[in-house]
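In what follows, residues are counted from 1 in the order of the sequence shown.
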Amino acid sequence: MALSRLLLLCMVASEMWDAETKPIDFVCNRAARRAMNIVAELQSALKDCNDSMTLSTPVQLPCTELHVASWESKSHQERRGDISASLRLLIEGVKVMRALGQPGCGALLLQRLEHNINNYLLILTHLQLSQGPVENPELSCVPGSTKSLSTVLLNYNRLISGKLERFMIKLEDRCTPL
């Protein structure tokens with residue numbers, strides 16, 4: 001089991017290098033996108049450390065709701081801004097929790113979550129979009145909050161597999177066929 005996790009970590013790290021250095025490769029490689037989403041792994045690890053299920057203070061949740069018609073009418077810059085704002089909101093809450101010193105394996109999970117969110121933010125920040133007005137990142141909802149790390153992970157996964165994935169699929173027309 002430990003060897004398979006190490007192998008998975010090496011695979012993700014190698015995929016991450018490509019994704020971080022070439023955001024368009026991230027757009028064009030669905031396997032890299034799936035490998036980068038470590039939420040299932042974090043949820044599994046969370047089950048092993050029950051003391052970390054409840055956080056000491058609430059964390060604001062990212063905006064995961066997706067109204068398809070309004071999402072489709074947004075520009076690429078607006079979509080990126082929406083997703084980036086949600087990721088920044090979440091990472092700020094995770095940083096606060098880490099600073100407060102979450103006990104045991106909860107601290108490790110929060111560190112891994114923060115690192116993963118940062119990777120997505122780097123990709124979005126460096127993604128070259130067509131010319132257009134630079135949009136200020138705005139949240140598309142009034143964020144909720146929770147003290148449950150499990151709920152944080154669930155909402156983060158909805159953001160990654162929902163809005164972010166839909167955005168990446170819209171950008172796939174930029175990919176060159178092999």
Side-chain angles (χ1 to χ4, degrees), residues 12 15-16 18-46 55 58-97 109-175:
V12 170
E15 293 291 340
M16 290 301 304
D18 289 339
E20 287 180 356
T21 58
K22 302 174 194 167
I24 194 65
D25 290 345
F26 178 77
V27 171
C28 299
N29 188 337
R30 287 185 186 203
R33 292 197 308 262
R34 278 192 298 275
M36 189 172 156
N37 184 347
I38 62 167
V39 174
E41 183 182 332
L42 293 176
Q43 287 171 325
S44 176
L46 183 61
L55 303 169
V59 172
Q60 288 191 308
L61 298 171
C63 297
T64 59
E65 299 83 22
L66 183 64
H67 182 265
V68 177
S70 64
W71 182 255
E72 294 298 322
S73 69
K74 290 183 176 190
S75 70
H76 290 326
Q77 290 83 1
E78 290 171 317
R79 291 175 189 156
R80 174 172 55 188
D82 180 311
I83 297 164
S84 295
S86 288
L87 289 170
R88 283 189 177 92
L89 176 77
L90 182 57
I91 202 166
E92 289 307 314
V94 171
K95 285 179 181 180
V96 166
M97 291 311 307
L109 290 175
L110 288 170
Q111 180 182 14
R112 292 181 63 204
L113 178 59
E114 181 182 346
H115 180 73
N116 193 243
I117 296 168
N118 267 324
N119 285 335
Y120 282 112
L121 279 169
L122 282 170
I123 290 167
L124 285 170
T125 302
H126 292 97
L127 188 61
Q128 297 295 315
L129 299 177
S130 60
Q131 295 295 338
V134 175
E135 297 290 332
N136 289 330
E138 290 185 16
L139 290 172
S140 60
C141 72
V142 175
S145 64
T146 185
K147 285 187 171 187
S148 166
L149 185 50
S150 180
T151 302
V152 169
L153 292 174
L154 179 66
N155 278 269
Y156 178 52
N157 191 50
R158 285 181 186 151
L159 178 65
I160 300 308
S161 60
K163 285 183 178 180
L164 182 71
E165 185 61 22
R166 188 174 282 267
F167 180 45
M168 293 298 114
I169 290 169
K170 277 290 192 185
L171 296 176
E172 283 180 342
D173 64 345
R174 298 167 179 222
C175 302

Nearest atoms (heavy-atom pairs only) where [X] meets [Y]:
X      : Y      : answer
Glu114 : Ile91  : O-CD1, 3.6 Å
Leu159 : Cys63  : CD1-O, 3.5 Å
Leu61  : Leu89  : O-CD2, 3.2 Å
Gln128 : Arg174 : O-NH1, 2.6 Å
Lys163 : Glu65  : CE-O, 2.9 Å
Leu109 : Ala45  : CD2-CB, 3.6 Å

Roughly how far, to the nearest 0.5 Å, is [atom2] of [Y] from [atom1] of [X]?
X      : Y      : atom1 : atom2 : answer
Arg88  : Asn118 : CZ    : CG    : 9.5 Å
Leu46  : Ser148 : CG    : OG    : 7.5 Å
Asp82  : Trp71  : CG    : CH2   : 4.5 Å
Ile160 : Tyr120 : CD1   : OH    : 4.5 Å
Asn29  : Met36  : CG    : CE    : 12.0 Å
Ile38  : Asn157 : CD1   : CG    : 11.0 Å

Residue pair Arg166, Glu72: steps toward the salt bridge (Lys or Arg N to Asp or Glu O under 4.0 Å) verdict: CA-CA 10 Å; Arg166 188 174 282 267; Glu72 294 298 322; 3.4 Å; yes
Partner of Lys74 under side chain to side chain contact (heavy atoms under 4.5 Å, CB included), chosen from Arg80, Arg79, Lys170: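 That would be Arg79.
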Does any part of the side chain of [Y], heavy atoms only, come nearer than 4.5 Å to the side chain of [X], both counted from C-beta?
X      : Y      : answer
Gln60  : Glu92  : no
Pro62  : Leu87  : no
Met168 : Glu172 : no

Glu165 vs Ile169, side chain to side chain contact (heavy atoms under 4.5 Å, CB included): CA-CA, chis, key distance, verdict: CA-CA 6 Å; Glu165 185 61 22; Ile169 290 169; 3.8 Å; yes
Worked verdict on Thr64 versus Tyr156 for side chain to side chain contact (heavy atoms under 4.5 Å, CB included): CA-CA 8 Å; Thr64 59; Tyr156 178 52; over 6 Å; no
Audit row: Val27, Cys175, side chain to side chain contact (heavy atoms under 4.5 Å, CB included) steps and yes/no: CA-CA 8 Å; Val27 171; Cys175 302; 4.2 Å; yes
Stepwise side chain to side chain contact (heavy atoms under 4.5 Å, CB included) test for Phe167 and Leu124: CA-CA 10 Å; Phe167 180 45; Leu124 285 170; 3.9 Å; yes
